[in-house]
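Protein chains get the first letters and strands the later ones, always in sequence-line order, with residue 1 at the start of each.
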Amino acid sequence: MPSKKSSGDKDIHNDHYFQKVFDVTCLIPEGKVSTYGAIADFLALGSARMVGWALNQSHRQEHFIPAHRVVNRLGELSGRMHFATPTLMQERLEKEGVIVVNDKIDNINHYFWHPRELAEY
DNA sequence: GACCTGACGCCCC
DNA sequence: AGGGGCGCCAGGT
């Protein structure tokens, strides 16, 4: 019965939405960036905050998650303080050719990538 | 169990 | 154009 409060499908969903966020993040092409909102919209999470919350745990994953390619809708590096050093996120982006000025991506729509662009999905 | 705080985003001023 | 308010969902206190 769905009405039962026992841990069931919802918990399973919660356990897997982390992995879904990781999967989508790994699909962002090098040199491109996506946003919390776009990923949340694509996965129908209902809240962009959940994407940030998931990425906050991404460093615990065995496989490397290119979390530096996810920024907020303005192109700001809002997650930079959660990397090993405050400048690591910017360094990784610049290494991929993304121009960052004042902790913000210059002309984000030039680099923006939406998960919908994937034919597989 | 109420309350606060986030790697967000939209609306309003 | 920039700043504040509120909704959103999950976790921590």
message = For B:dC10 and A:Arg73 - does any side-chain N or O of the residue sit under 4.0 Å from the phosphate oxygens OP1/OP2?
response = yes

Interatomic distance where [atom1] belongs to [X] and [atom2] belongs to [N] [whole Å]:
X: A:Gln57; N: C:dG11; atom1: CD; atom2: C1'; result: 10 Å
X: A:Phe18; N: B:dA7; atom1: CZ; atom2: P; result: 13 Å
X: A:Leu45; N: C:dA10; atom1: CG; atom2: C1'; result: 12 Å
X: A:Phe22; N: B:dA7; atom1: CZ; atom2: P; result: 15 Å
X: A:Leu74; N: C:dG4; atom1: CG; atom2: P; result: 15 Å
X: A:His82; N: B:dT5; atom1: NE2; atom2: C1'; result: 11 Å
X: A:Asn56; N: B:dT5; atom1: CG; atom2: P; result: 17 Å
X: A:Arg60; N: B:dA7; atom1: CZ; atom2: P; result: 16 Å

task = Tell me which residues in residues 102-112 of chain A put a heavy atom below 4.0 Å from DNA chain B, sorted by number, or none.
result = none

Of all the nucleotides listed ([options]), which has the minimum atom distance to the side chain of [X]?
X: A:Tyr17; options: C:dC9, C:dA10, B:dG9; result: C:dA10
X: A:Met50; options: B:dG9, C:dA10, B:dA7; result: C:dA10
X: A:Ser47; options: B:dA7, C:dC8, B:dG9; result: C:dC8
X: A:Trp53; options: B:dG9, C:dG11, B:dA7; result: C:dG11

task = Using the test side-chain contact (heavy atoms from CB on, under 4.5 Å), find all partners of A:Thr25 that sit at least two apart in sequence or belong to another chain.
result =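 Only A:Val21, A:Ile28, A:Ile39, A:Leu55, A:Ile65, A:Pro66, A:Val70 meet the side-chain contact (heavy atoms from CB on, under 4.5 Å) criterion with A:Thr25.
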
message = More than 12 heavy atoms of other residues, nucleotides or ligands under 6.0 Å from CG of A:Asn109: yes or no?
response = yes

inquiry  = Quick one, A:Val24 and A:Leu43 - any side-chain contact, counting heavy atoms below 4.5 Å?
reply    =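 They are in contact (side-chain heavy atoms under 4.5 Å apart), so the answer is yes.
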
request  = Could you check A:Glu96, A:Gln90, A:Glu91 and say which one makes a side-chain hydrogen bond (donor to acceptor under 3.5 Å, both in side chains) with A:His68?
outcome  = A:Glu96

request  = Calculate, to the nearest 0.5 Å, the distance between atoms CD and CZ belonging to A:Gln61 and A:Phe22 respectively.
outcome  = 4.5 Å

key: Pairwise distance OG(A:Ser34) to CZ(A:Phe42) - rounded to 0.5 angstrom   = 10.0 Å

request  = Answer with base, sugar-phosphate or nothing: what part of the nucleic acid does A:Ala40 contact at a heavy-atom distance below 4.0 Å?
outcome  = nothing

ask   = How would you label the contact of A:Asn72 with the nucleic acid (heavy atoms, under 4.0 Å): base, sugar-phosphate, or nothing?
value =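 Sugar-phosphate contact only.
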
Sequence neighbours excluded and cut-off under 3.5 Å, please list the side-chain donor-acceptor pairs for residues 75-83 of chain A, or say none.
residue, atom, partner, partner atom, Å
A:Glu76, OE1, A:Asn72, ND2, 2.9
A:Arg80, NE, A:Asp103, OD2, 3.4
A:Arg80, NH1, A:Leu77, O, 3.2
A:His82, ND1, A:Asn56, OD1, 3.3

